[in-house]
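Letters go in sequence order (proteins before strands), and every chain restarts at 1.
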Protein chains: 2
Amino acid sequence: MSNIGYDGHMELHEPDLSDVPVTAVLAALADDVRLRIVRALAEDGERVCGTFELGVTKATRSHHFKVLREAGLTRTRVAGTSRHIRLRRDELDRRYPGLLDAVLTDRADA
Amino acid sequence: MSNIGYDGHMELHEPDLSDVPVTAVLAALADDVRLRIVRALAEDGERVCGTFELGVTKATRSHHFKVLREAGLTRTRVAGTSRHIRLRRDELDRRYPGLLDAVLTDRADA
DNA sequence: ACCGATGTTCGACATTCGTCGAACAAGCTC
DNA sequence: GAGCTTGTTCGACGAATGTCGAACATCGGT
């Protein structure tokens with residue numbers, strides 16, 4: 001994949017929001033597990049990957065984090081062996097005003 | 001499917017928005033063809049099914065209209081042999097304030 | 001009553017997606 | 001360095017999804 005940086009670290013693919021089609025953002029949000037992640041991030045600010053209770057294996061969790069990251073929804077900070085994830089709130093609100101609010105302040109999924 | 005009404009007409013399945021999970025709404029919007037339909041409806045108000053230029057066969061078009069309808073995004077009025085579709089704007093804005101605006105006023109998909 | 005126009009439904013098909021276990025990589029601690 | 005922890009990657013699998021052509025259903029008009 002040649003995503004290897006000058007120091008041998010795997011570069012995290014975090015696209016510009018202008019490079020992400022809306023449909024990709026919407027698709028990323030259109031999954032229950034990922035929506036729960038996004039909501040937790042909106043509440044708690046930054047969180048470590050492992051601190052989510054999602055009812056799926058860590059392989060699946062990792063997959064969802066990747067989808068969110070590549071859809072431009074999250075940013076990842078590497079610290080030791082763990083990864084800290086946070087919402088790209090400001091950027092998202094600027095590019096899609098109202099989107100996150102609408103999705104996050106949903107009063108009932110049923 | 002026993003969606004047959006008292007007069008033999010096929011009842012159109014148009015759910016209450018409270019019965020539709022957000023993820024279903026987002027999934028319905030997370031498709032290029034459907035997004036184009038929704039945008040056209042937002043601009044033109046009500047339109048007849050056949051008047052969309054989408055680059056897919058009518059079977060596929062029909063499929064997408066069904067997805068939109070069952071996700072609570074559109075309402076369908078039957079008139080003779082054609083169907084008139086319109087966005088459920090007000091309801092959607094009430095339940096997901098900002099969602100449609102955010103998706104519709106996107107300045108560039110790229 | 002026929003015919004044409006408008007949509008829907010029915011398989012069929014290829015692609016994508018969510019999920020898993022297992023193997024791997026990298027960092028921390030003793 | 002050995003071992004534990006955290007997280008990613010790699011197939012594999014089944015389920016869901018977008019697409020199509022063909023058949024069907026309805027309605028309007030001639």
Are V22(A) and V67(A) linked, directly or through other ILVMFWY residues, by side chains that come within less than 4.5 angstrom of each other?
no
Looking at D90(A) and R94(A), does any basic side-chain N land under 4.0 Å from a carboxylate oxygen?
no
Please work out if H64(A) contacts a base, only the sugar-phosphate, or nothing of the nucleic acid, heavy-atom cut-off 4.0 Å.
sugar-phosphate
Flag the pair D44(A) and R39(A) as a salt bridge only when some basic side-chain nitrogen lies within less than 4.0 angstrom of an acidic carboxylate oxygen.
no
Of all residues at least two apart in sequence or in a different chain, which pass the side-chain hydrogen bond (donor to acceptor under 3.5 Å, both in side chains) check with H64(B)?
R34(B)
Just the rounded figure in Å: distance from C1' of dT19(C) to CG of D31(A).
11 Å
Starting from P on dG18(D), measure out to CG on L68(B) and report it in whole angstrom.
10 Å
For residues 70-80 of chain B, which residues have at least one heavy atom under 4.0 Å from DNA chain C?
none
Between R88(B) and E14(B), does at least one N-O distance fall below 4.0 Å, as a salt bridge requires?
no
Protein-nucleotide distance (L29(B), atom CG; dG18(D), atom P), rounded to Å
12 Å
Atom pair distance, as rounded to whole Å: NE2 in H63(A) and C1' in dC20(C):
12 Å
K66(B) NZ to dG18(D) C1', in whole Å, measures 14 Å
Please say whether the positively charged group of R61(B), taken as NZ for Lys or CZ for Arg, lies over the ring of F52(B), i.e. under 6.0 angstrom from the six-membered ring centre and within 45 degrees of the axis.
no
Between T51(A) and R47(A), is there a donor-acceptor pair closer than 3.5 Å when you use the side chain of the first and the backbone of the second?
no
What residues from residues 43-62 of chain B pass a heavy-atom cutoff of under 4.0 Å to DNA chain D?
V56(B), T57(B), A59(B), T60(B)
Quick one: is R34(B) getting a side-chain N or O under 4.0 Å of the dG18(D) phosphate, OP1 or OP2?
yes
May I have the distance from L35(B) (atom CG) to dG18(D) (atom P), rounded to whole angstrom?
13 Å
Taking the basic N atoms (NZ, or NE/NH1/NH2) and the acidic carboxylate oxygens, is any pair closer than 4.0 Å for E53(A) and R36(A)?
no
Rounded to the nearest Å, what distance is computed from the CG atom of residue L26(A) to the C1' atom of nucleotide dT16(C)?
17 Å
Just wondering, do V25(A) and Y96(A) contact through their side chains at under 4.5 Å, heavy atoms?
yes
Round to a whole Å and report the spacing from CG of D32(A) to C1' of dT19(C).
14 Å
